[in-house]
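Since the structure comes first, as structure tokens, the remarks are kept for the end.
Side chains included, hydrogens not; waters and symmetry mates left out as well; all remaining heavy atoms used. In this text the structure is predicted, and so the values were computed from the model without any measurement. Order of the sequence lines fixes the chain letters, A, B, ..., with proteins taken first and strands second; residue numbering starts at 1 for each chain.
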Protein chains: 2
Amino acid sequence: MRALPHPASEDLQLTEVLRALSDPVRLEAVARLAAAGELTCGEVGQGLGVHKSTASHHFRILREAGLITTKQEGRQKFLSLRRDDLESRFPGLLDSVLSAAHATV
Amino acid sequence: MRALPHPASEDLQLTEVLRALSDPVRLEAVARLAAAGELTCGEVGQGLGVHKSTASHHFRILREAGLITTKQEGRQKFLSLRRDDLESRFPGLLDSVLSAAHATV
DNA sequence: CGCACGGTTGGATGGTTGTCAAACAACGAA
DNA sequence: TTCGTTGTTTGACAACCATCCAACCGTGCG
């Protein structure tokens, strides 16, 4: 069950990925997903400091850029990073961003 | 002679760097500077497909994000990547972006 | 001095973005 | 079936952005 559109790994655009990562709220969300592996929208949004509709908006940006996947389970959706796709398309990029984000915060 | 403001390497913000790199025109400019080492504004702007004032605007974004330095010489200005500063602050980031950009184009 | 060259700045404009609030939709539980 | 939980969508809005054109500024050359 995957109603929401996810771009294929070959279609990932570097500039879109970078733009998706260039917002502090989204970067925080990605860092949290990287640390936890898989979280619901609510869990990620928790403590992000924005309204839940805003969080949902950011999740869509991340999803359409190819950074995360959405898996529905019951009445909640689980988000996870597309680490393998990103690594095969842009080797080393996600790791360097994550370690930089970790060092900065 | 350095009239234009360049942020210190410690002050570089990850999200600003990513944001600066997330525009196709700027990414192309950075890739060109990475390949050539040092170029004038005109040389970089050449073939970028935008008006020279737009190119100048993009150079300011890159400069204020800490990605490039400007060195005036005579009546022209030489641009170059701040590779060392970026590497020390965000290890591996620039390289992964550049190789990804190279592979994409 | 005056002029051309290399860039920057200001204004205008059409488009995008981040945010919230409120309404909506899907699903499980009671 | 009715209700609460979980997210999404829509509308509105202010801020920002990429772009062009025109005017400007500093520097070297005649």
Side-chain angles (χ1 to χ4, degrees), chain A residues 1-6 13-33 36 38-65 67-80, chain B residues 1-6 13-33 36 38-65 67-80:
Chain A
M1 172 172 293
R2 188 190 267 197
L4 301 81
H6 295 71
Q13 294 290 328
L14 177 58
T15 51
E16 287 185 22
V17 169
L18 294 173
R19 187 181 304 273
L21 290 170
S22 71
D23 182 276
V25 174
R26 290 194 289 263
L27 188 57
E28 171 68 20
V30 166
R32 201 167 299 193
L33 279 172
E38 201 178 49
L39 294 171
T40 69
C41 293
E43 287 168 335
V44 179
Q46 184 76 7
L48 232 45
V50 295
H51 196 275
K52 75 171 174 172
S53 64
T54 304
S56 181
H57 160 73
H58 285 309
F59 296 154
R60 189 179 52 177
I61 303 273
L62 290 171
R63 175 167 34 80
E64 290 178 350
L67 278 160
I68 64 174
T69 345
T70 303
K71 180 182 59 174
Q72 181 133 11
E73 210 152 294
R75 74 181 127 180
Q76 48 198 2
K77 292 178 179 172
F78 285 86
L79 308 179
S80 56
Chain B
M1 170 172 290
R2 189 190 267 198
L4 300 83
H6 295 70
Q13 293 291 328
L14 176 59
T15 51
E16 287 185 21
V17 169
L18 294 174
R19 171 100 180 73
L21 291 170
S22 72
D23 182 277
V25 174
R26 289 193 290 263
L27 187 58
E28 171 68 21
V30 167
R32 203 167 297 195
L33 279 172
E38 201 177 50
L39 294 171
T40 68
C41 293
E43 288 168 334
V44 179
Q46 184 77 6
L48 231 46
V50 295
H51 196 274
K52 76 171 176 175
S53 64
T54 304
S56 181
H57 159 73
H58 285 308
F59 297 154
R60 188 179 52 178
I61 303 273
L62 290 172
R63 174 168 33 82
E64 290 178 351
L67 278 160
I68 64 175
T69 344
T70 304
K71 180 183 59 175
Q72 180 136 9
E73 209 152 295
R75 72 180 126 178
Q76 48 197 4
K77 292 178 178 173
F78 284 87
L79 308 179
S80 56

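Contact between the side-chain N/O atoms of A:Lys77 and the OP1/OP2 oxygens of D:dT8 is found at a separation under 4.0 Å. Side-chain nitrogen and oxygen atoms of A:Arg19 include none within less than 4.0 Å of the OP1 or OP2 phosphate oxygen of C:dT16. For A:Arg75 and C:dA25, the shortest distance from a side-chain N or O to OP1 or OP2 is not below 4.0 Å.
Note that OG of A:Ser22 is 11.0 Å distant from CG of B:Asp23, once rounded to the nearest 0.5 Å. Distance check, rounded to the nearest 0.5 Å: NZ of A:Lys77 to NZ of A:Lys71 gives 13.5 Å. For the atom pair CG (A:Leu21) and CZ (A:Arg19), the distance works out to 12.0 Å, reported to the nearest 0.5 Å. Distance check, rounded to the nearest 0.5 Å: CD of B:Glu16 to CD of B:Glu64 gives 8.5 Å.
Summary of helix geometry: the two end axes of the helix from C:dC1-D:dG30 to C:dA30-D:dT1, each defined by five base pairs via their C1' atoms, are inclined to each other by 10° (rounded to 10°).
Within the 4.0 angstrom heavy-atom criterion, only backbone atoms of the sugar-phosphate kind lie near B:His58; the bases stay farther away. Residue contacts for A:Arg63: at a heavy-atom cut-off of 4.0 Å it reaches no nucleic acid atom on any strand shown.
Counting to the nearest Å, the C1' atom of C:dG18 and the CZ atom of A:Phe59 are 14 Å from each other. In this structure, B:Glu73 atom CD and C:dG7 atom C1' are separated by 15 Å, rounded to whole Å. Regarding A:Leu79, its CG atom lies at a distance of 8 Å from the P atom of D:dT8, rounded to whole Å. Here D:dT6 presents its P atom at 13 Å from CD of A:Gln72, a figure rounded to the nearest Å. If you measure from atom CZ of B:Arg60 to atom P of D:dT19, you get 14 Å, rounded to the nearest angstrom. Between A:His57 atom NE2 and C:dA21 atom C1' the separation is 15 Å, expressed in whole Å. One can place CG of B:Leu39 at 15 Å from C1' of C:dG6, the figure rounded to the nearest angstrom. C:dC27 atom C1' lies 14 Å from atom CZ of A:Phe78, rounded to whole Å.
Minimum heavy-atom separation, B:Arg63 to B:Thr70: CD-OG1, 3.6 Å. Residues A:Leu48 and A:Glu28 share a closest heavy-atom pair of CD1-CG, 3.5 Å. Residues A:Val17 and A:Ala65 come closest through the heavy atom pair CG2-O, 3.6 Å.
Nearest to the side-chain atoms of A:Val25 among the listed nucleotides C:dT19, D:dT19, D:dT8 stands C:dT19.
Heavy-atom distances under 4.0 Å link DNA chain D to A:Gly42, A:Lys52, A:Ser53, A:Ser56 of residues 42-56 of chain A, given in residue order.
Other residues, nucleotides and ligands place more than 12 heavy atoms under 6.0 Å from the CD atom of A:Glu38.
Residue A:Leu79 is tested with A:Thr40, A:Leu39, A:Leu33, A:Val30 for a side chain to side chain contact (heavy atoms under 4.5 Å, CB included); the sole match is A:Leu33.
Across the interface with DNA chain C, nearest-nucleotide mapping of A:Gly74 and A:Ser22 shows A:Ser22 to be the residue nearer the 5′ end.
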Per-pair distances, 0.1 Å, donor-acceptor, side chain in residues 55-62 of chain A, under 3.5 Å, sequence neighbours excluded:
from	atom 1	to	atom 2	distance (Å)
A:His58	ND1	A:Arg26	NH1	3.1

